[in-house]
Amino acid sequence: GAAKGESGDSGLGDICQIDPSACPNIDLAEAARRPIDRQLYAVQQIYALRYHRFELQPTWAVTLNDQFVAHPGPVLAANYYVNNVLAVGVNGGYHVNNDLQFNAEVRRAGRVAVPLTEYQWSGAVNLTYVPIYGKFAGFGDFIFHYDFYVTGGVGVISTRPIAVIDPDNRTFTFEPKVTWGAGGGLRIFINRWLAATLEVRDYMFLDKLENPVI
């Protein structure tokens, strides 16, 4: 029933006297016996702390700037986080060169000296900064943690021109060259020690090409 306020009191009792429909009418004993099936999720603010963390990141690299000549290969990166958002590291890779047969046949048939190069190996020293990190839900109740990072650095890459004029008898020697670059990546944590990473990086260097005249 509606609660009644005592003389001189104000508050809920007065409200119930003025408007009984606005006064709560709850059986507390019955409410305490009702089943509770709600799920509560406790999620950490930061799933994987990066502070003083050592990270190994094996990847398979592919090049995107030429649809006829590719330089894929394995790359291994190692990073050490000096704090939770900044890391220093190194990476190195070996490149497999795929000059498509179609590309070679077109060059020979048209006698066009297209300036192409082969990559042998590369290495760089990098700085990585993590400006964004968070979480999202997927696959039902599973919560994914992610971060977005930007990176840049300087290094060395070994390249040589691909002989277009008389390629059966002419070859060039690989030479190391200074390279610099920057990029960014998205990392999704599968658990506290394993993550899937997608990174795009632009490497720039001054290359030597085959002389199209001689």
Side-chain angles (χ1 to χ4, degrees), residues 34-98 117-159 176-207:
R34 73 180 187 275
I36 297 176
D37 57 358
R38 293 183 178 180
Q39 293 181 337
L40 299 178
Y41 300 94
V43 181
Q44 305 92 336
Q45 291 294 323
I46 300 178
Y47 180 66
L49 291 175
R50 288 170 288 273
Y51 177 69
H52 285 184
R53 186 169 184 145
F54 180 75
E55 174 186 80
L56 281 177
Q57 182 176 308
T59 59
W60 181 262
V62 296
T63 52
L64 304 175
N65 60 331
D66 195 323
Q67 65 269 40
F68 296 116
V69 179
H71 311 282
V75 176
L76 179 63
N79 297 306
Y80 178 75
Y81 283 86
V82 296
N83 55 39
N84 202 48
V85 296
L86 184 64
V88 294
V90 296
N91 66 14
Y94 177 79
H95 301 276
V96 180
N97 299 277
N98 293 330
T117 59
E118 291 181 309
Y119 300 170
Q120 186 182 35
W121 54 266
S122 63
V125 178
N126 307 286
L127 285 177
T128 300
Y129 175 63
V130 183
I132 301 172
Y133 51 87
K135 54 187 177 288
F136 63 91
F139 300 104
D141 297 332
F142 192 82
I143 296 177
F144 291 92
H145 294 253
Y146 72 92
D147 63 28
F148 173 78
Y149 62 90
V150 292
T151 184
V154 296
V156 179
I157 186 169
S158 178
T159 71
K177 303 166 184 69
V178 176
T179 180
W180 61 96
L186 175 66
R187 179 168 40 214
I188 298 177
F189 291 90
I190 300 173
N191 55 38
R192 291 183 181 273
W193 59 269
L194 183 63
T197 303
L198 176 64
E199 178 181 301
V200 178
R201 188 181 301 211
D202 184 17
Y203 285 100
M204 296 165 280
F205 58 94
L206 300 177
D207 207 356

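Throughout, residue positions are numbered sequentially from 1 according to the sequence presented.
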For this session: Would you sort out whether Phe205 and Val156 count as a side-chain contact (heavy atoms from CB on, under 4.5 Å), showing the intermediate values?
Result: CA-CA 9 Å; Phe205 58 94; Val156 179; over 6 Å; no
Exercise. Which value, rounded to the nearest 0.5 Å, describes the distance between Asp147 atom CG and Ile188 atom CD1?
Worked result: 10.0 Å
Exercise. Closest heavy-atom contact between Thr63 and Ala70?
Worked result: OG1-CA, 3.5 Å
Exercise. What pair of heavy atoms forms the shortest contact from His71 to His95, and how long is it?
Worked result: O-ND1, 3.4 Å
Exercise. Under the 3.5 angstrom rule, does the side chain of Thr159 hit a backbone N or O of Tyr119 as a donor-acceptor pair?
Worked result: no
Exercise. Looking at residues at least two apart in the chain, or sitting in another chain, which of them share a side chain to side chain donor-acceptor pair (under 3.5 Å) with Glu199?
Worked result: Tyr149, Arg201
Problem set entry | Pairwise side-chain contact, Val88 with Leu127, heavy-atom cut-off 4.5 Å (strictly under) | yes
Exercise. Taking it one step at a time, do Asn126 and Asn91 satisfy side-chain contact (heavy atoms from CB on, under 4.5 Å)?
Worked result: CA-CA 8 Å; Asn126 307 286; Asn91 66 14; 3.5 Å; yes
Problem set entry | Arg187 side chain near Phe148 side chain, heavy-atom distance below 4.5 Å | no
Exercise. Is the backbone N or O of Gln120 less than 3.5 Å from a side-chain atom of Ser158, with the two atoms forming a donor-acceptor pair by type?
Worked result: no
Problem set entry | Gap separating the OG1 atom of Thr151 from the OH atom of Tyr129, nearest 0.5 angstrom | 13.5 Å
Seminar exercise, completed: Here the pair of heavy atoms bringing Ala61 nearest to Val75 is CB-CG2, 3.8 Å
Problem set entry | Taking every non-hydrogen atom, the tightest pair across Asn83 and Tyr51 | CA-CD1, 3.5 Å
Exercise. Is a donor on one side and an acceptor on the other found under 3.5 Å between the side chain of Thr179 and the backbone of Met204?
Worked result: yes
Exercise. Does Asn84 reach the main-chain N or O of Arg50 with its side chain, forming a donor-acceptor pair under 3.5 Å?
Worked result: yes
For this session: Go through Thr197 and Leu186 one step at a time and tell me if the side-chain contact (heavy atoms from CB on, under 4.5 Å) criterion holds.
Result: CA-CA 6 Å; Thr197 303; Leu186 175 66; over 6 Å; no
For this session: Might you point out which heavy atoms bring Ala78 and Leu56 nearest each other, and give the distance in Å?
Result: CB-CD2, 3.9 Å
Exercise. Just how far is it from atom NZ of Lys135 to atom OH of Tyr146, taken to the nearest 0.5 Å?
Worked result: 9.0 Å
Exercise. Phe144 and Phe136: aromatic ring centres closer than 6.0 Å?
Worked result: yes
Seminar exercise, completed: Taken to the nearest 0.5 Å, the spacing of His52 NE2 from Tyr80 OH works out to 4.0 Å
